[in-house]
Amino acid sequence: LRSYLGGEDVAGGKLKESGTSHWQKPNAGATNESGFTALPGGSRGIVGTGNKGKFGGQGVVCYWWSVTGISAEPFSQIFGFCINKDYSRLFRNEFYFTDGISIRCLKD
């Protein structure tokens with residue numbers, strides 16, 4: 001998907017909902033060209049953010065899981081993606097199973 005949308009530097013903008021109804025300014029590069037309409041749901045307790053167990057980042061950042069994890073251990077890591085209001089980039093991140101981030105359900 002990242003490659004199809006032109007690479008990691010621009011893919012985030014093509015996935016983000018355009019405008020500032022849900023995203024805080026500047027919502028850089030947001031075109032929603034893909035029709036995905038990524039929304040900034042924030043997260044709950046991302047390790048290393050000082051937010052452990054608390055919600056934060058609504059309007060600023062969108063995180064979501066991308067693949068099945070290696071194991072179900074609480075501190076096992078899994079890959080996911082991140083889009084931020086300040087960039088059009090699609091960031092790849094590592095998350096823990098205990099992190100509270102979004103999922104995206106698609107009808108098959």
From the list I83, V60, N84, V61, side-chain contact (heavy atoms from CB on, under 4.5 Å) partner of W23 resolves to I83
Separation between CD (Q58) and OG (S43), nearest 0.5 Å, reads 7.5 Å
Answer yes or no: is there a side-chain heavy-atom contact under 4.5 Å between L39 and C62?
no
Report yes or no: do L90 and Y4 belong to one cluster of Ile/Leu/Val/Met/Phe/Trp/Tyr joined by side chain heavy-atom distances under 4.5 Å?
-> yes
Distance col, row Q24:CD vs H22:NE2, nearest 0.5 angstrom, shows 12.5 Å
Closest heavy-atom pair, L1 versus L15, reported as atoms and distance to 0.1 Å, is CD2-CD2, 4.2 Å
- [ ] Apply side-chain contact (heavy atoms from CB on, under 4.5 Å) to the pair F81 and R2, showing each step before the final yes or no.
- [x] CA-CA 10 Å; F81 290 90; R2 219 176 8 188; 3.9 Å; yes
Next item on the list: Check whether any side-chain heavy atom of W65 lies under 4.5 Å from a side-chain heavy atom of I101, and answer yes or no.
Entry: yes
**Report entry** F91 atom CZ, over 12 foreign heavy atoms within 6.0 Å
**Finding:** yes
Inset, instruction - Give the C-alpha distance, both sets of side-chain angles, the deciding distance and a yes or no for side-chain hydrogen bond (donor to acceptor under 3.5 Å, both in side chains) between T37 and N32. - result: CA-CA 6 Å; T37 316; N32 196 30; 3.0 Å; yes
Residues G29 and S88: closest non-hydrogen pair is CA-CB, 3.9 Å
On a heavy-atom basis, the closest approach of L5 and A11 is CB-CB, 3.9 Å
Tightest non-hydrogen contact, residues K85 and K16, listed as O-NZ, 3.8 Å
Correct closest heavy-atom pair for N27 and E17 would be ND2-O, 3.0 Å
Closest non-hydrogen atoms of D9 and R89, given as atom of the first, atom of the second and distance, are OD1-NH1, 3.0 Å
